[in-house]
Each structure stands twice: as structure tokens, then as C-alpha cells.
Visitor: 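Starting off with a structure, shown below.
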Number of protein chains: 2
Amino acid sequence: MASVNRLLAEKGFEAMTVDEVAADVGIAKASLYKHFPSKEELAAAAMVRVLDRALAFLDQEAAREASPIDHLKAVARWTMQVQLAGEMPSLPSQNSTLRAALLKHRGYLDRVMTVSDRLGAWITGAQAAGQIDARLPPEAVLYTLYARACDPVLAFLRAGGNLTDEQVIDVQLSTCFDGLAARRVT
Amino acid sequence: MASVNRLLAEKGFEAMTVDEVAADVGIAKASLYKHFPSKEELAAAAMVRVLDRALAFLDQEAAREASPIDHLKAVARWTMQVQLAGEMPSLPSQNSTLRAALLKHRGYLDRVMTVSDRLGAWITGAQAAGQIDARLPPEAVLYTLYARACDPVLAFLRAGGNLTDEQVIDVQLSTCFDGLAARRVT
DNA sequence: GTCTATATAGCGATAGAC
DNA sequence: GTCTATCGCTATATAGAC
């Protein structure tokens with residue numbers, strides 16, 4: 001599962017081959033197919049796994065005393081940390097066989113819905129409290145947070161070599177919540 | 001070339017097949033291979049084409065009387081318009097054979113460098129003028145603008161059905177430059 | 001330049017022995 | 001549950017005639 005996660009993050013679904021996964025795990029391809037009926041199901045299991053990690057983080061975060069926007073920032077930070085650690089399988093926004101398979105996958109859809117509901121509560125809470133721009137559609141905020149999982153800027157900034165991983169995340173957290181434009185009042 | 005652009009935007013490099021391109025154009029696959037020596041070169045030509053369109057837009061924009069940040073906003077808007085029009089071939093941030101080919105492709109690299117230089121001038125100009133947050137590394141701003149070309153939020157917001165394409169772009173322009181957090185002073 | 005036909009290779013998936 | 005061996009298909013790329 002960890003191998004799939006890493007390869008999926010590294011190369012994407014189409015470029016990842018089942019042979020590679022099997023080789024990385026150290027078993028035969030046929031053995032892998034005894035556990036997962038298809039490449040799509042294999043990838044879906046990796047997606048479910050990361051969503052379970054996300055749900056566990058949300059539980060932990062909900063127990064913490066903080067304002068809605070601080071919870072959202074913590075979520076964004078966690079998401080980017082997972083991506084930089086190479087453990088975030090990239091979501092297929094493009095049309096693909098994986099996308100079709102995920103849209104029929106109960107376990108995946110249920111988890112996405114649960115995560116979205118819980119983030120949605122923080123988003124509307126933060127908007128009501130004047131912490132998140134109330135003019136933005138809540139879905140736009142939600143999608144923007146999800147997009148932190150596949151933000152290509154993280155890898156580019158890291159590749160630049162001038163910033164530590166934590167600095168990269170701080171920059172992106174600032175860009176995400178405060179924008180590129182200078183703020184007259186901080 | 002337009003077919004490649006569209007298919008590349010729709011399905012990505014790995015999922016796009018040369019057969020599809022040939023069928024879409026209405027010629028035989030072998031005929032296509034008389035013009036382009038490989039699938040990578042075919043895709044690279046599409047990338048070069050969109051970069052030339054970008055350079056033409058930068059010329060036009062440079063002739064307009066405006067402050068650096070307004071130029072940058074216009075560029076971001078143009079980029080998102082092209083993406084929503086289905087004419088933006090997605091950049092391969094992941095490892096792939098295309099990425100390797102592009103890194104050896106003079107025409108592509110030259111154009112990327114030229115675009116980056118011209119955007120870079122506006123970025124540092126906007127930072128000096130206090131319009132862009134001066135604490136952000138200029139590369140972070142540059143990469144963030146490039147990332148508008150493959151922002152998955154655009155497609156998700158459009159799929160939601162509640163916003164017109166122009167509204168989607170306005171929301172994302174606001175998110176990009178002003179951030180998710182509410183501004184105390186606008 | 002365009003076509004038909006084909007070479008070549010890699011991939012997802014399966015058969016069947018142990 | 002794991003293996004070796006292989007099927008069937010599709011993809012990139014090429015040969016060679018017109």
C-alpha cells in the first residue's frame with residue numbers, strides 16, 4: 001500500500017505499472033492480483049488509505065481548541081506535508097479509467113463526502129466569523145484546500161534548493177490564505 | 001496542432017494516443033509520423049505553440065498602460081481563459097518521458113525562459129511598488145502564476161454549475177491575489 | 001504527403017502448478 | 001498465497017507502395 005502510494009504520487013496513475021508495484025513490494029505480479037482485482041482497485045485502495053489518514057487528522061484537529069480558520073490552515077499544512085513526503089497519490093482531475101472507477105467506489109465516495117462535510121463546517125464557520133472571505137462560494141474554498149494535495153508549486157520551490165521543506169510550506173500557506181498581493185493591514 | 005492541444009488538455013500526455021490524434025485530424029497515423037518524429041515531439045510542438053501564444057499576449061499586454069500587478073493579473077486571467085477553453089496542454093510536473101524530452105528541447109526551454117524573464121520583471125516591479133507581498137520569493141510568485149495553467153479548481157467550479165466561466169475566473173483571480181482569508185482593508 | 005500493413009514491445013490480467 | 005509462464009491487447013513506431 002505504501003509502495004502504491006509513493007509510485008502514484010511520483011508518476012501518476014497512467015505511468016505507474018503494476019509490474020513496478022510488484023517489484024517494489026518484492027512479490028510477483030500475480031500475487032498482487034490475488035489481493036486486488038484490478039489496477040484501478042489497487043489505486044483506489046491507496047486513495048482510501050490516504051483519506052483515512054486525513055480523517056484521523058481531522059479527528060485530532062477537531063479535538064484541539066482553535067478557531068475555524070486555524071483548523072483550516074492546519075489541514076492545508078498537513079496536506080502539503082503529506083505531498084512533500086511523497087505520500088499523496090495525485091487526484092485525477094482529468095478523464096481517466098481511474099476517475100471512472102473512483103466514481104463507482106463506495107468506500108472512496110463515502111470518505112470524500114465525510115471529509116468534505118467536516119471541512120465545510122469549518123469553512124462556513126470561518127466565513128460567519130469574518131475570517132474567510134464571505135464573498136467566496138464555500139465550494140471554491142473547499143476545492144482550493146483539496147488542491148493543496150496536488151499543488152505543483154511545492155515541488156518546484158523545493159527543487160529551487162533555496163528553501164527548506166517547512167519554508168516551502170509556509171510560503172504556500174501564506175499564498176493560499178493571504179494571496180500574492182501585499183496586505184495593507186496585517 | 002489544435003487537436004493535440006485539446007487532447008493533451010483533456011486526457012494528459014500518457015492517456016493521449018497518437019491514434020486518437022490521427023483520427024481527430026483525419027489522416028493516417030503514419031502521415032502524422034512524417035511530420036513529427038515521436039509522440040514527445042508532437043506534444044512538445046503543442047507546448048511551444050501555446051508558449052508562442054503566451055508571448056504574443058505578453059507583447060500585447062506590455063503595450064498597454066498599466067501597473068505591474070495589473071499586468072500580472074491580466075496574465076493570470078488569460079492563462080485561466082485558455083485552460084477553460086480546453087486549449088492548455090497540462091504541464092507534466094510528474095516524472096514522465098515528456099518531461100525528459102522537454103528538458104532537452106531548445107525551442108521549448110528558450111520560450112519558457114523568455115516568458116519567465118518577462119513575468120519576472122513585472123513581479124519584482126510589483127514587489128518594489130508594494131503591490132505584491134515583498135516577503136514572497138519571486139520564484140514562488142512566478143510558479144504560482146504558471147500553476148494557473150493547470151489549476152484543477154477551475155474545472156471543479158465549472159462542473160458545480162452555479163457559476164459562469166467568467167465568474168469562475170473572477171473567483172480564482174481573487175483567491176490567487178487576495179487569498180482565502182478576509183481582508184480587513186480592501 | 002498520404003496510405004495500408006506490420007514490426008516490436010510493454011502492459012493488464014489470467015492459468016495453473018506448488 | 002506465492003510463483004512461473006503466458007495470453008490478449010494496445011501502443012509507439014516503421015516499411016514500403018502510390
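Chain naming here is simple, since letters A, B, ... match the order of the sequence lines and numbering starts at 1 in each.
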Visitor: Could you please spell out the steps behind the side chain to side chain contact (heavy atoms under 4.5 Å, CB included) verdict for A/S174 and A/V171?
Guide: CA-CA 5 Å; A/S174 165; A/V171 164; 5.8 Å; no
Visitor: Please walk me through it: do B/R77 and B/E166 pass salt bridge (Lys or Arg N to Asp or Glu O under 4.0 Å)?
Guide: CA-CA 9 Å; B/R77 181 179 289 277; B/E166 270 309 306; 3.1 Å; yes
Visitor: Restricting to ring pair (Phe, Tyr, Trp, His ring centres under 6.0 Å), what partner residues turn up for A/H71, sequence neighbours left out?
Guide: A/W122
Visitor: Starting at atom OH of A/Y33, determine the distance to atom C1' of C/dT14, rounded to an integer number of angstrom.
Guide: 10 Å
Visitor: What residues from residues 6-19 of chain B pass a heavy-atom cutoff of under 4.0 Å to DNA chain D?
Guide: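 When residues 6-19 of chain B is checked for heavy atoms under 4.0 Å from DNA chain D, the hits, listed by number, are B/M16, B/T17, B/V18, B/D19.
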Visitor: Measure the distance from CG on A/L42 to C1' on C/dG12 and round it to the nearest whole Å.
Guide: 12 Å
Visitor: Just grab all the side-chain hydrogen bond (donor to acceptor under 3.5 Å, both in side chains) pairs involving residues 142-163 of chain A, residues at least two apart or on different chains.
Guide: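 Counting only pairs at least two positions apart or across chains, the side-chain hydrogen bond (donor to acceptor under 3.5 Å, both in side chains) contacts touching residues 142-163 of chain A are A/S116-A/Y146, A/R148-A/D151, A/D151-A/Q172, A/R158-A/D165.
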Visitor: Pick from A/R118, A/R53, A/R64: which one makes a salt bridge (Lys or Arg N to Asp or Glu O under 4.0 Å) with A/D59?
Guide: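 Exactly one option meets the salt bridge (Lys or Arg N to Asp or Glu O under 4.0 Å) with A/D59, and it is A/R118.
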Visitor: Side chains of B/D117 and B/T114: donor-acceptor distance under 3.5 Å anywhere?
Guide: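 Looking only at side-chain atoms, B/T114 and B/D117 do not form any donor-acceptor pair under 3.5 Å.
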Visitor: Any chance you could list the contact pattern along nucleotides 1-9 of chain C? Use B for base contacts, S for sugar-phosphate-only contacts and - for none, protein heavy atoms under 4.0 Å, 5' to 3'.
Guide: -BBB-----
Visitor: Just jot down the side-chain contact (heavy atoms from CB on, under 4.5 Å) partners of B/A182, sequence neighbours excluded, or say none.
Guide: none
Visitor: Which residue pairs pass the side-chain hydrogen bond (donor to acceptor under 3.5 Å, both in side chains) test with at least one member in residues 26-38 of chain B, sequence neighbours excluded?
Guide: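 Qualifying pairs: B/D19-B/K29.
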